[in-house]
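Only one structure is covered here, and it is reproduced in the block below.
Just so you know, ligand 1 is whichever comes first in the structure, and atom 1 is the first atom listed for that ligand.
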Amino acid sequence: MSYQTKILDDSPSSIKQAAEIIRAGDIVGIPTETVYGLAADAFNENAVRKIFAAKGRPADNPLIVHISRMDMFFRAAKELPEEALRCAERFWPGPLTMVLPKSEALPYVTSGGLQTVGIRMPSHPAARALIEQADTPLAAPSANLSGKPSPTSAAHVFEDMNGRIPAIIDGGECRAGVESTVICFENGAARILRPGRVTAEMLRSALGRVIIDDGVLHAVDDSAPAASPGMKYKHYSPKAEVYVINSTAERFREYAKEHTGALCLVFEPSDAPDGAEFICIGKSGEEQANRLFAALREADERGAKTVLARCPQKSGVGLAVYNRLIRAAAFREITL
Ligand code: TXA
Ligand code: MG
């Protein structure tokens, strides 16, 4: 179906309009504190199918279910183990998704055929208000076309979804800029399937033990069953060929000087050699997370053929930035 995609503001009357679209079984682009999502009633199979169609997403890649209050939790999930409760108390509302056994009522279309569901309580006021108004947990993946960088503004969603969805709520730019941390539990420890703003260090302080899944730092083998199906698909890929350069700023500059014409993705302007085109994403992990996806989209807009990116730190929020960037680079990392 082709739509005239409307951009709504985040006023109460617009939220009400969006809730009506959801209740009528259609989908809406929504802001969250991490990235924009494509939301539908998690219990309406037809509506959820429209999400997969709009994104071009493989049916075995499960959606995250968003709740606004703890009393919605058991509509989507079957149990709340003690360690999950501890995480909920500490990190919700916020950018943490927990993978837990799904409720009987939650359709398999939503869980990508799995017995588990990824569940999170977002903190963005417009997302929360919409869940309240629609009075149902919302299934919502990131609102990009499958394989593209996640959208961090309503304009990005429009770029990818114009004509494919009825409406987008414009709630401004996303603060976090990378998607939520996804974890599952193993004997009381958290296993990080996708790193985000709730860092390994924060989870360790809440739970004691944290395991970082192999898929966070390395390519997963397509033929093996992945702990998180999303990890096996191509991700965040701009049109340009991206290379992650693991080196000092000085060595990076020299390398970039030898590769004229490449666009440099750097932490600060002085990282780029004189005369080179560059995009700056900031020095802290938080700034880098906030700007990375917009920078990848900008690289495409500028027509970059090659992007040389400085390598983020592999700890703290930097781990989330590295995880996205290395996928955008199809795991091309050069250590100098
Ligand atoms: O911040 C976010 O999480 C955003 C906003 C909109 O909430 N959503 C998001 O959804 O990033 P999506 O669908 O783009 O990414 C969800 C990831 C995928 O890699 C998926 O495979 C994984 O979470 N996931 C979801 N449910 C799962 C489950 N039951 N078991 C394992 N992995 C799961
Ligand atoms: Mg996504």
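- At least one N or O atom of S142 sits closer than 3.5 Å to an N or O atom of ligand 1.
- Taking only non-hydrogen atoms, the option from G112, P95, S180 nearest to atom 3 (O) of ligand 1 is S180.
- The existence of a salt bridge linking R302 and E277 is confirmed by a sub-4.0 Å separation between a basic side-chain nitrogen and an acidic carboxylate oxygen.
- No donor-acceptor distance shorter than 3.5 angstrom exists from the side chain of S247 to the backbone of L336, with no hydrogens or angles considered.
- Nearest protein heavy-atom neighbour of atom 19 (O) of ligand 1: G230 CA, 3.3 Å.
- Protein N/O/S atoms found under 2.8 Å from the Mg ion (ligand 2): S142 OG.
- Of all protein heavy atoms, the one closest to atom 7 (O) of ligand 1 is H66 NE2, 2.6 Å.
- Which parts of ligand 1 touch N61 is read off a 4.0 Å heavy-atom cut-off, strictly below it: atoms 18 (C), 20 (C), 21 (O).
- A donor-acceptor contact closer than 3.5 angstrom is absent between the side chains of S153 and E173.
- Here the heavy atom of the protein found nearest to atom 23 (O) of ligand 1 is V182 CG2, 3.8 Å.
- Of the charged side-chain nitrogens involved, none lies within less than 4.0 Å of a carboxylate oxygen, so that R297 and E301 do not count as a salt-bridged pair.
- The closest donor-acceptor contact from the side chain of D300 to the backbone of K239 lies under 3.5 Å.
- Not one N or O on the side chain of R120 forms a donor-acceptor pair closer than 3.5 Å with the backbone of I64.
- Geometrically, ligand 1 and R120 share a nitrogen or oxygen pair separated by less than 3.5 Å.
- Regarding atom 11 (O) of ligand 1, its nearest protein heavy-atom neighbour is R194 NH1, 3.1 Å.
- Nearest protein heavy-atom neighbour of atom 22 (C) of ligand 1: S228 OG, 3.3 Å.
- Remark: side-chain polar atoms of T181 are paired, donor with acceptor, to backbone N or O of G196 under 3.5 angstrom.
- Nearest non-hydrogen protein atom to atom 13 (O) of ligand 1 is R57 NH2, 2.8 Å.
- No donor-acceptor contact under 3.5 angstrom links the side chains of Q17 and S14, judged on distance only.
- Atom 30 (N) of ligand 1 has V99 CG1, 3.5 Å as its closest protein atom, hydrogens excluded (heavy atom only).
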**OP:** Show the numbers, then the answer: is there a salt bridge (charged side-chain N to carboxylate O under 4.0 Å, His left out) between E286 and R197?
**Re:** CA-CA 8 Å; E286 285 76 11; R197 289 291 283 257; 5.2 Å; no
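- Heavy-atom contacts of L114 reach the following atoms of ligand 1: 28 (C), 29 (N), 30 (N) (cutoff under 4.0 Å).
- Interface of A140 with ligand 1, defined as ligand atoms under 4.0 Å from a residue heavy atom, comprises 6 (C), 8 (N), 10 (O).
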Please table the atom pairs, donor to acceptor, closer than 3.5 Å between any side-chain atom in residues 105-113 and protein atoms at least two apart or in another chain.
| from | atom 1 | to | atom 2 | distance (Å) |
| --- | --- | --- | --- | --- |
| Y108 | OH | Q115 | OE1 | 3.1 |
| Y108 | OH | Q115 | NE2 | 3.4 |
| T110 | OG1 | A42 | O | 2.8 |
| S111 | OG | L114 | N | 3.4 |
| S111 | OG | L114 | O | 2.7 |

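- By the 4.0 Å N-to-carboxylate-O rule, E254 lies close enough to R251 to be salt-bridged with it.
- For the pair N187 and R209, the tightest heavy-atom approach, listed with the atom from each and the gap, is O-NH2, 3.7 Å.
- For K283 and F267, the positive end is not near the middle of the six-membered ring at less than 6.0 Å and at most 45° from its axis.
- Among T34, I30, L96, the residue whose heavy atom lies closest to atom 1 (O) of ligand 1 is T34.
- Under a 4.0 Å N-O distance rule, the pair E159/R164 does not qualify as a salt bridge.
- Considering only non-hydrogen atoms, atom 33 (C) of ligand 1 lies nearest to P62 out of G118, P62, G37.
- Nearest protein heavy-atom contact of atom 29 (N) of ligand 1 is T116 OG1, 3.0 Å.
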